[in-house]
Amino acid sequence: MEKLPLKFRILLHFHSFASSISRRSNVTVNRFFMSFFDPKFSPSSKPRNGVSTYDVVFDPSHNLWFRLFLPSSSSADKNVTDLPVVVYYHGGGFVFFSANSMAYDDFCRRLARELRVAVVSVNYRLSPEHRCPIPYEDGFDALKFLDGMDLDDGGFPVKFDVSRCFLAGDSAGGNLTHHVAVRAGGYNFKKLKIKGIIAIQPFFGGEERVESEIKFSKSPMLNLKQSDWYWKAFLPKGCDRNHPAAHVFGPGAGDDISKVKFPATLLILGGKDQLVDWGKRYYEWLKDECGKEVDLVEYPNAIHGFYIVPELKDSSLLIKDMNDFIHKLIGTLN
């Protein structure tokens with residue numbers, strides 16, 4: 001534990017307390033108590049690690065906002081007009097974390113700097129106070145706001161182009177990318193065009209116990225009791241894990257997606273993550289049953305949440321794979 005980065009040690013402590021909550025019979029969260037294990041970062045227009053950040057409110061009535069990450073201009077950008085946009089949905093089982101949490105501020109800052117993109121990290125409402133489908137609605141409303149945003153008068157040092165937009169997210173955020181993309185596929189945006197989806201260890205499931213859930217049931221970053229409790233907190237009351245929000249590949253689940261334009265998808269899985277088998281089912285369903293374009297990348301030794309720790313080799317590979325995927329769909333940025 002002593003040699004692990006401080007950020008990762010804080011996350012392990014956080015997940016330890018989250019695990020203790022998941023053993024309770026009631027579905028409530030003491031957010032004041034949990035805030036001691038979820039450090040928050042303020043936005044800063046002054047670049048930090050080469051990236052400036054701004055908080056933008058997109059729905060005052062529900063106090064919804066996103067954090068915008070903009071990389072500093074450099075000589076590498078001399079031929080770039082407007083940066084592509086990555087709309088990011090954070091993980092946390094739909095229950096924990098936010099766009100200004102230390103782990104996600106660091107990660108999205110890294111994406112903006114290393115991918116040379118503008119990152120819009122959406123702060124959606126959390127469960128159990130706000131159950132399904134509210135987080136999906138919040139995630140979609142952020143896209144509608146971006147579509148109508150006056151980008152020429154935003155007062156930002158770097159311009160970005162919503163016609164080259166990607167949806168990305170990890171864990172619960174990976175689940176969000178799917179459901180938001182389905183909604184977006186049936187909506188006529190004025191400027192915003194979704195070029196692709198990047199789903200990192202997406203949080204899917206069902207009543208059936210798959211092999212990876214059993215094999216990695218006691219994983220330090222996401223154990224089986226936690227994931228069951230997250231679904232109980234997120235899904236509509238009285239629904240089990242075969243609800244289409246979790247079990248997207250259930251009977252008839254492809255009807256919605258077959259009716260809409262669904263973007264090319266990069267699916268990232270970890271070989272030592274309890275969600276890996278559900279991720280593979282998602283890949284097979286999306287590719288074989290729905291006929292959608294999807295690339296699967298699996299890091300055999302990666303546990304859940306590996307991407308948060310930049311010192312890990314697989315975390316660097318993720319950045320490279322994301323970069324290759326973005327360039328494949330929109331061409332090189334320079």
Side-chain angles (χ1 to χ4, degrees), residues 58-59 64 66 84-90 94 120 122 124-125 131-149 161-206 234-236 239 241-269 278-297 322 325-326 328-330:
F58 65 89
D59 183 352
L64 295 177
F66 59 74
V85 177
V86 172
V87 177
Y88 197 87
Y89 302 106
H90 67 79
F94 300 103
V120 172
V122 180
Y124 55 88
R125 285 174 284 180
R131 294 172 176 263
C132 172
I134 288 177
Y136 300 152
E137 294 169 354
D138 294 348
F140 182 55
D141 285 346
L143 297 186
K144 291 194 291 185
F145 178 86
L146 282 172
D147 186 51
M149 190 174 177
D161 179 10
V162 295
S163 72
R164 298 190 296 167
C165 180
F166 291 79
L167 304 186
D170 67 286
S171 198
N175 177 296
L176 263 161
T177 63
H178 171 84
H179 289 283
V180 170
V182 172
R183 291 174 182 233
Y187 185 82
N188 291 320
F189 293 103
K190 296 177 182 178
K191 297 178 293 184
L192 187 141
K193 294 180 182 179
I194 301 174
K195 297 295 186 180
I197 292 174
I198 302 169
I200 307 168
Q201 297 179 305
F203 189 34
F204 296 124
F234 172 67
L235 295 173
C239 294
R241 295 188 302 274
N242 283 340
H243 186 280
H247 203 62
V248 298
F249 20 63
D255 293 345
D256 288 340
I257 195 173
S258 65
K259 299 174 184 176
V260 300
K261 182 180 179 180
F262 196 81
T265 300
L266 173 64
L267 176 60
I268 303 290
L269 302 179
W278 287 120
K280 289 177 179 178
R281 286 198 186 185
Y282 178 62
Y283 168 75
E284 293 166 357
W285 171 76
L286 204 59
K287 182 175 183 290
D288 299 332
E289 293 187 33
C290 302
K292 305 301 180 181
E293 181 183 347
V294 53
D295 295 333
L296 172 62
V297 176
M322 290 180 69
F325 179 71
I326 291 173
K328 180 180 74 171
L329 294 180
I330 64 173

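Only this structure's heavy atoms are used, side chains among them; waters, hydrogens and symmetry mates stay out. If you're wondering where the values come from, they're calculated on a predicted model, not measured in any experiment.
Between Pro135 and Leu176, the closest heavy-atom pair is O-CD2, 3.4 Å. Summarising the geometry of Val122 relative to Ala142, their closest heavy-atom pair is CG2-CB, 3.9 Å, with the distance given to 0.1 Å. Of all the heavy atoms in Ala199 and Thr177, the pair that sits closest is CB-OG1, 4.1 Å. Summarising the geometry of Phe166 relative to Lys195, their closest heavy-atom pair is CZ-CB, 3.8 Å, with the distance given to 0.1 Å. Summarising the geometry of Lys292 relative to Ile257, their closest heavy-atom pair is NZ-O, 3.5 Å, with the distance given to 0.1 Å. Between Gly205 and His247 the shortest heavy-atom distance is O-ND1, 2.9 Å.
For the side-chain contact (heavy atoms from CB on, under 4.5 Å) with Ile194, the lone residue among Val180, Leu143, Val87 that qualifies is Leu143. Of the listed residues (Phe203, Phe94, Tyr124), just one forms a ring pair (Phe, Tyr, Trp, His ring centres under 6.0 Å) with Phe234, and that residue is Phe94.
Side chains of Leu146 and Phe58 form no contact here, defined as non-hydrogen atoms less than 4.5 Å apart. Under the 4.5 Å side-chain criterion, counting only non-hydrogen atoms from C-beta, Phe145 is not in contact with Asp59. Using a 4.5 Å cut-off on side-chain heavy atoms (C-beta onward), Ile330 and Pro84 make contact. Between His179 and Pro133, the closest side-chain pair of non-hydrogen atoms is not below 4.5 Å. Counting heavy atoms from C-beta on, the side chains of Leu267 and Pro202 come closer than 4.5 Å.
Rounding to the nearest 0.5 angstrom, the gap separating the CD atom in Glu293 from the CD1 atom in Ile197 is 11.0 Å. Distance check: Leu266 CG to Met322 CE gives 7.5 Å after rounding to the nearest 0.5 Å. The distance from atom CD1 of Ile198 to atom CG of Asp170, rounded to the nearest 0.5 Å, is 12.0 Å.
Taking a 6.0 Å sphere around NZ of Lys328, one finds it holds more than 12 heavy atoms contributed by other residues, nucleotides or ligands. Counting non-hydrogen atoms of neighbouring residues, nucleotides and ligands closer than 6.0 angstrom, the NZ atom of Lys287 reaches no more than 12 such neighbours.
Between His178 and Phe262, the ring planes are tilted. Angles from 30° to 60° get that label. Between Trp278 and Phe249, the ring-plane angle classifies as parallel under the 30° and 60° cut-offs.
Remark: side-chain polar atoms of Tyr282 are not paired, donor with acceptor, to backbone N or O of Phe204 under 3.5 angstrom. For Lys191 (side chain) and Met149 (main-chain N/O), a donor-acceptor pair under 3.5 Å exists by modelled atom type. Formation of a donor-acceptor pair under 3.5 Å by the Asn175 side chain with backbone atoms of Ala245 is found in this model.
Screening residues 134-149 for salt bridge (Lys or Arg N to Asp or Glu O under 4.0 Å) gives Arg125-Asp138, Asp141-Lys144 as the qualifying pairs, with residues at least two apart or on separate chains.
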